[in-house]
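Worksheet for the structure shown next.
Both counts, for ligands and for their atoms, begin at 1 and track the order of listing. Numbers for residues simply follow the sequence, beginning at 1. What you see is a predicted model, and the numbers here were worked out from it, not measured in a lab.
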Amino acid sequence: MPSRHSPPDIAPLQPTAVSNNHHRLHTLPLIIAGSLILTGALLILFTILLYRKLYRNRTAPSDLISKSPQHYQCRRFSYSQLRRATNSFSESTQLGHGGFGSVYKADLPSGNSLAVKVMDSSAGSLQGEREFHNELSLSSHLIGSPHVVSLLGFSSDRRGRRLILVYELMANRSLQDALLDRKCEELMDWNKRFEIATDIAKGIEFLHSCCDPPIIHGDIKPSNILLDSDFKAKIGDFGLARVKSDDLVSGNDTRILIEEEEKRIDVGDDNGSILEETESVITVFEDGNAVNLSPETGASPGAGSVLSPETCAVSVLTASSGAVTGLSPEVGLEKGSVSESCLEQMSVESSSKQKVGSRRDWWWKQDNNGGSRGGIESGSVKDYVMEWIGSEIKKESDNNKEWVKNGDGSSSVTKKKKKEKKRKPREWWKEEFCEELTRKKRKKKKKKKKRGLSSISSIDSWFHRDDGDDAASVHDQSHNPCKRKKRNSIDWWVDGLSGELKSVIGKKNSQDSGLWCDVNVQKSGGVSSTPSMRGTVCYIAPECGGGGVLSEKCDVYSFGVLLLVLVSGRRPLQVTASPMSEFERANLISWAKQLACNGKLLELVDKSIHSLEKEQAVLCITIALLCLQRSPVKRPTMKEIVQMLSGAAEPPHLPFEFSPSPPMGFPFKSRKKAR
Ligand SMILES: Nc1ncnc2c1ncn2[C@@H]1O[C@H](COP(=O)(O)OP(=O)(O)OP(=O)(O)O)[C@@H](O)[C@H]1O
């Protein structure tokens, strides 16, 4: 009998293998998923670590800085100690407010007091961080001058969001604050002012001549001049300063560049820029709903609109600087603040018109900023201003129709009487401007008849004036009484503004409007100035604005403006009284030039000053005018200035173009007549 073989144990094995396979099939995706999750988690962890590392690097520069040997002399302060010393950075300890934060007085338990500048980097201000770095990195160069504010150290909070610079405390805060806001009695003594001027000059000379390599401050202005308890001046705030390194243009190169630039402008302008400018004005206003900007034609009814004095004043003053204490009749010609929206509008629009200039150094680079020669071309400045005025005119035109009629003399007597009753503070402005307009209108008609010249808006001609032309025109007019007659207060007022506008418009800043906001006087008495990478409007040299060539001569120019401010006790741009005649004084630089041409320099001196040394005052103004020459090469060096101020060098002569007119009736015969 055949033995019956039991079937091999394969059959029962089969289900096991199947189940194993099944098991494998089940686990494989799990393994894959698991490994994917693990990889993902690792990636996320890595990213987080990387991000934290980068973030830490960005927000806590002080950690890095402390490792750098060149900062070892700068002490690192304990944040909590500083916080306690400033009462948690309370307002009561606030000394002032700048572009990138506030300055507090810190009273240490030892009895010493310090000034603590807090920059809140959580606001995302890269520029603030840069200034922080810049100031720290320069501190090692700045030791040894009694005319420079000492940087004692730095600090930052645990998360590195608050960056702190610690300075010696300057009891009388800034010159801006003491002279222009608080009007300290001590500064009404001429000797004190002269001493301050000399100290500042010595401080800048130290930066230019004693530091190796030289340092260019880049932002000389009253709010960066600090006064100790004896009102001795020291230069502070080196956030925009820079070491003059080899990659920077040397003095000679600067000269070549400037000469090339001047040639380019001469040739460029000849090649039609003036024509373009004229055309652009017409186009702008034709586009702007047939708004006629010419005061002459604008005054006529039906012209669609008119350039009201308010518009003119606000636009030009706003454009020029925040340093305007009197803006328009609406603000009562007292301290007022420039409309922020206007400033923003100006900055935003202007920045879009700028040509972005390329500079090697980050110092010059600014978000949304840059540009060639003053950050903009003259045409675009004017276009911008014209456009802006045009838009303001549109707003004004509806309100001002009555005024236009009045200006034209067509309104009824009864209406006039009614208006007189309601006379608002701004009325004087309108009336005076109407007179101005009608006068101009008459003159223009005469001109047309005589010469048959094409009509160009007088506003247009205002903007054709450049800094250089300004001087020339001042001189020209002073030497030619006939020409001078043609100028009126408005002309003088607007004189020189094109250069300032260039600076303004080249200053768009991510944090604020980019304008000098000295009008925003803080509660503490401090002021907020422009946190600009290029200096401050009205103080910045024409060639430096908008990323131009930087040299020591930029500081010399700023010193010139500061000197005028010091002597006159007023801001570079301000209207202090209501009459139209005051407009000619609104622009301090133009006014100084005008007085120089008329041989009346001493009229510039602050009336509140006592014990005036007239010779010294004339010396100061003369030096200021030398510093304000358009060509940097012509400006004196700080060393020369110190020598002049200290009497070690001969007192300088006024630049030719500002020297007083020669006596009339000069016996000069032309060849033609002689024959
Ligand atoms: N060391 C100091 N001692 C006393 N007060 C100071 C000191 N440093 C600054 N201040 C005060 O704080 C104010 C603000 O200074 P800060 O340098 O921050 O800004 P600013 O120079 O006014 O403007 P910007 O930031 O545009 O340069 C100064 O105007 C001054 O009144």
Side-chain angles (χ1 to χ4, degrees), residues 82 85-86 89 91 93-107 112-120 123 125 127-132 134-135 139 142 147-154 162-182 184 187 203 217-241 321-323 366 503 507 509-540 558 562 565 571:
L82 290 180
T86 55
F89 306 106
E91 268 198 28
T93 61
Q94 198 174 347
L95 292 167
H97 188 84
F100 294 103
S102 300
V103 181
Y104 301 89
K105 184 181 176 204
D107 291 315
N112 291 335
S113 294
L114 305 168
V116 172
K117 190 172 182 173
V118 182
M119 204 271 296
D120 191 359
S125 164
Q127 193 174 317
E129 259 185 56
R130 284 168 183 164
E131 288 200 21
F132 177 87
N134 204 40
E135 190 130 15
S139 63
L142 299 173
H147 307 298
V148 171
V149 178
S150 305
L151 176 68
L152 303 174
F154 62 93
R162 273 187 161 177
L163 306 176
I164 294 176
L165 291 168
V166 182
Y167 301 93
E168 64 172 304
L169 179 74
M170 300 295 284
N172 279 302
R173 297 186 291 199
S174 67
L175 179 64
Q176 168 92 19
D177 184 38
L179 177 70
L180 304 176
D181 299 331
R182 282 188 288 141
C184 293
L187 297 183
H217 187 278
D219 200 15
I220 296 289
K221 59 178 176 179
S223 71
N224 287 338
I225 303 300
L226 295 152
L227 304 171
D228 69 9
S229 50
D230 292 331
F231 287 87
K232 287 210 178 332
K234 294 190 182 189
I235 300 170
D237 198 348
F238 287 79
L240 302 187
S321 163
Q366 196 183 353
S503 306
K507 285 173 137 7
N509 181 278
S510 55
Q511 236 194 4
D512 71 6
S513 62
L515 291 168
W516 187 39
C517 299
D518 281 354
V519 281
N520 298 328
V521 179
Q522 303 293 310
K523 215 168 112 185
S524 63
V527 288
S528 171
S529 303
T530 309
S532 152
M533 293 302 288
R534 295 191 177 91
T536 301
V537 180
C538 294
Y539 290 91
I540 192 166
S558 309
L562 200 146
V565 170
R571 292 172 163 82

If you compare all heavy atoms of [X] against all heavy atoms of [Y], which two are closest, and at what distance to 0.1 Å?
X	Y	result
Ser558	Tyr539	OG-O, 2.7 Å
Ala233	Ile225	CB-CG2, 3.8 Å
Ile164	Leu82	CG2-CD1, 3.8 Å
Asn134	Phe238	ND2-O, 3.3 Å

Under a 4.0 angstrom heavy-atom cut-off, which atoms of ligand 1 come close to Arg173? 5 (N), 31 (O)
State whether the shortest distance between N or O atoms of [X] and N or O atoms of ligand 1 falls below 3.5 angstrom.
X	value
Lys117	yes
Gly101	no
Tyr167	no

Minimum distance, heavy atoms only, to atom 27 (O) of ligand 1: which one of Asp237, Asp181, Val103 is it? Asp237
Heavy-atom proximity to atom 11 (C) of ligand 1, picking from Val116, Val166, Leu95, points to Leu95
Using a 4.0 Å heavy-atom cut-off, say whether [X] meets ligand 1 through its side chain, its backbone, both or neither.
X	answer
Ala115	side chain
Glu168	backbone
His97	backbone

So that I can tick it off, tell me whether Asp237 and Lys117 are bridged by a salt bridge, with the cut-off set at under 4.0 angstrom between side-chain N and carboxylate O. yes
Salt bridge (charged side-chain N to carboxylate O under 4.0 Å, His left out) involving Asp107 - partner list, sequence neighbours excluded: Lys105
Residue list, ring pair (Phe, Tyr, Trp, His ring centres under 6.0 Å) with Tyr167, at least two apart or on another chain: none
